[in-house]
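The model shown is predicted, which means the values in this text are computed figures rather than measured ones. Just so it is clear, the values below take in all heavy atoms, side chains as well, and ignore hydrogens, waters and symmetry mates. Counting starts at 1 for both ligands and their atoms, following the listed order.
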Amino acid sequence: MSDVTATKPAPAAKGMAGMVISDSSISFVDGAAGILEYRGHDIRQLAEHSSFEEVAYLLWNGHLPTAAELEEMRMESRSCRPLPGEIVTILRQLPNDASPTAVMRSSISILAHYDPESEDNSPAANRRKACRLLGQIAAVLAHFERIRNGHYPIEQRADLDHAANFLWMLNGAEPDPMAAKALDQYLLLLADHEFNASTFAARVTASTDSDLHSAITSAMGTLKGPLHGAAVQEAMVQFLEIGESSNVEPWFIKGKTTGRRVMGIGHRVYKVRDPRAEPLVHNLEMLVNATGERQWFDIARRLEEIAKEDPYFRDRNLSANVDFYSAPLLYSLGIPVDTFTCMFAMSRIVGWTAHVFEQMADNRLIRPQSNYVGPHDLPWVPIEERG
Ligand code: CMC
């Protein structure tokens, strides 16, 4: 038998846990201390003082914008929000019960056919395409949501920022300023998170010298899984199933006996509470205080407390991740539960595209190897003799 494996390095831990893949100057995560920075700026500080549009500028350009730079980016992004008419026609033809996440994945791919620069990988073209995709995927979601409910799509309003415009396109009503602010903060908080699975997928695709739309399509397909971007939907499904605060404890105990995972809890990198949880809680608290509808917030709080005290969760350092409070926040904003993963994508599109820029600026094909554990040197058996 040939000794092929002897020439290979030792395999990485399962799921590439703990592996550092390459340098990046986009975001910094300290999982033990619970720190997240975008381009050197602490996420909590950005959540307090900044906006999603400003953070998009920061992630794409590496520095916070001046007032003039921000205005220029706002004008550009607002002018490229509308969807090509052909895409709206396609959205009308899709089954109403299609998964919104799958609709967004397909739409990103189809948008490439209508983008005049889809095959141009120059930094300037990529930057323009990223700006178009930012506006377009928000329109895809708002339009599909309205179409599947039998309503006409609503055109964007250039006088509104990204979050407020989305609520406008979704509901066709003047967005409530507090709701728009809470959504803006949500988008800001999820905009990037170093080499998470979907970002890594985008970078792998970009590393083949493919194109931006292909990289973002890969990312969107990767975000769709419940261990990653669909966890936010699953977290809300679990809160709805719990129904009221008094049910949290029996629900938790029953889940432990069946080995069910608590969605919105646990993280590959954070071994403490996710630093994005606190600003999300802050916004959620403002919303529920204004509406008086505390039910989902109270359930989430109680579930977090119980998990924190539980030895199984404590021993494994399992704490609330970003999805845990994103779920009741989005629900309080009236966003349909099956579109929560698309809301995540509406934010993460900024990080994904920033990572594609970075990958393409200093590229080397990402091509790891496997640790082959199958047989070697098998004899050839003619087909009629196999069985
Ligand atoms: N509930 C119960 N047990 C859990 C959970 C959970 N949510 N998460 C991990 N564990 C246990 C797991 O069973 C394992 O136990 P043992 O050592 O006895 O086998 C241990 O903790 C380690 O789990 P793991 O699956 O090896 O850890 P991982 O780093 O591969 O997975 C994770 C991280 C996020 C996939 C996982 O914590 C999980 O499934 N959480 C629920 C889904 C979720 O909320 N995902 C969103 C992640 S954050 C945002 C994003 O990336 O989109």
Please check if the distance between the ring centroids of [X] and [Y] is under 6.0 Å.
X	Y	value
Tyr331	Phe297	no
Phe313	Phe252	yes
His41	His49	no
Phe200	His355	no

Numbering the atoms of ligand 1 from 1, which are under 4.0 Å from a heavy atom of [X]?
X	answer
Gly229	52 (O)
Phe344	52 (O)
Gly264	43 (C), 44 (O)
Ala231	43 (C), 44 (O), 45 (N), 46 (C)
Phe313	1 (N), 2 (C)
Leu227	39 (O), 45 (N), 46 (C), 47 (C)

Identity of the nearest option to atom 34 (C) of ligand 1, non-hydrogen atoms only, from Ala320, Gly266, Ser198:
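Of the listed residues, Gly266 has the closest heavy atom.
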What protein heavy atom lies closest to [atom]? Include the residue and the distance to one decimal.
atom	result
atom 40 (N) of ligand 1	Ile265 O, 2.9 Å
atom 3 (N) of ligand 1	Tyr312 CE2, 3.5 Å
atom 49 (C) of ligand 1	Asp323 OD2, 3.3 Å
atom 4 (C) of ligand 1	Leu318 CD1, 3.5 Å
atom 12 (C) of ligand 1	Arg261 NH2, 3.4 Å
atom 21 (O) of ligand 1	Arg316 CD, 3.4 Å
atom 51 (O) of ligand 1	His228 ND1, 3.0 Å
atom 29 (O) of ligand 1	Arg268 NE, 2.7 Å

A cation-pi test, strictly: NZ or CZ of Arg316 under 6.0 Å from the centre of the six-membered ring of Tyr312 and no more than 45 degrees from its axis. Yes or no?
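Output yes; distance and angle both within limits.
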State whether Trp60 and Arg128 meet the cation-pi test: NZ (Lys) or CZ (Arg) under 6.0 Å from the six-membered ring centroid, and within 45° of the perpendicular axis.
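Output no; distance or angle outside limits.
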Can you check atom 26 (O) of ligand 1: any protein non-hydrogen atom closer than 4.0 Å?
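For atom 26 (O) of ligand 1 the answer is no, since every protein heavy atom stays at 4.0 Å or beyond.
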Exceeds 12 heavy-atom contacts within 6.0 angstrom, atom [atom1] of [X]:
X	atom1	value
Lys308	NZ	no
Glu72	CD	no
Asp362	CG	no

Looking at ligand 1, does any of its N/O atoms fall within less than 3.5 Å of an N/O of Arg260?
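By distance alone, the answer is no.
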Within the structure, does Val262 bring an N/O atom to less than 3.5 angstrom of an N/O atom in ligand 1?
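Min N/O separation from ligand 1 is below 3.5 Å for Val262.
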Where's the contact between [X] and ligand 1, heavy-atom distance under 4.0 Å: side chain, backbone, both or neither?
X	result
His267	both
Phe324	neither
Asp274	neither

Over 60° means perpendicular and under 30° means parallel, so tell me whether His267 and His193 are parallel, tilted or perpendicular.
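Ring orientation of His267 relative to His193: perpendicular.
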Identified side chain to side chain contact (heavy atoms under 4.5 Å, CB included) partner of Tyr325 from the options Glu285, Arg301, Glu278:
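When side chain to side chain contact (heavy atoms under 4.5 Å, CB included) is applied between Tyr325 and each of Glu285, Arg301, Glu278, only Arg301 qualifies.
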For Asn149, which of His151, Arg146, Glu145 qualifies under side-chain hydrogen bond (donor to acceptor under 3.5 Å, both in side chains)?
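Running side-chain hydrogen bond (donor to acceptor under 3.5 Å, both in side chains) over His151, Arg146, Glu145 with Asn149 returns exactly one hit, Glu145.
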Side chain to side chain, Val88 and Pro153, heavy atoms closer than 4.5 Å
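Side-chain contact under 4.5 Å: yes.
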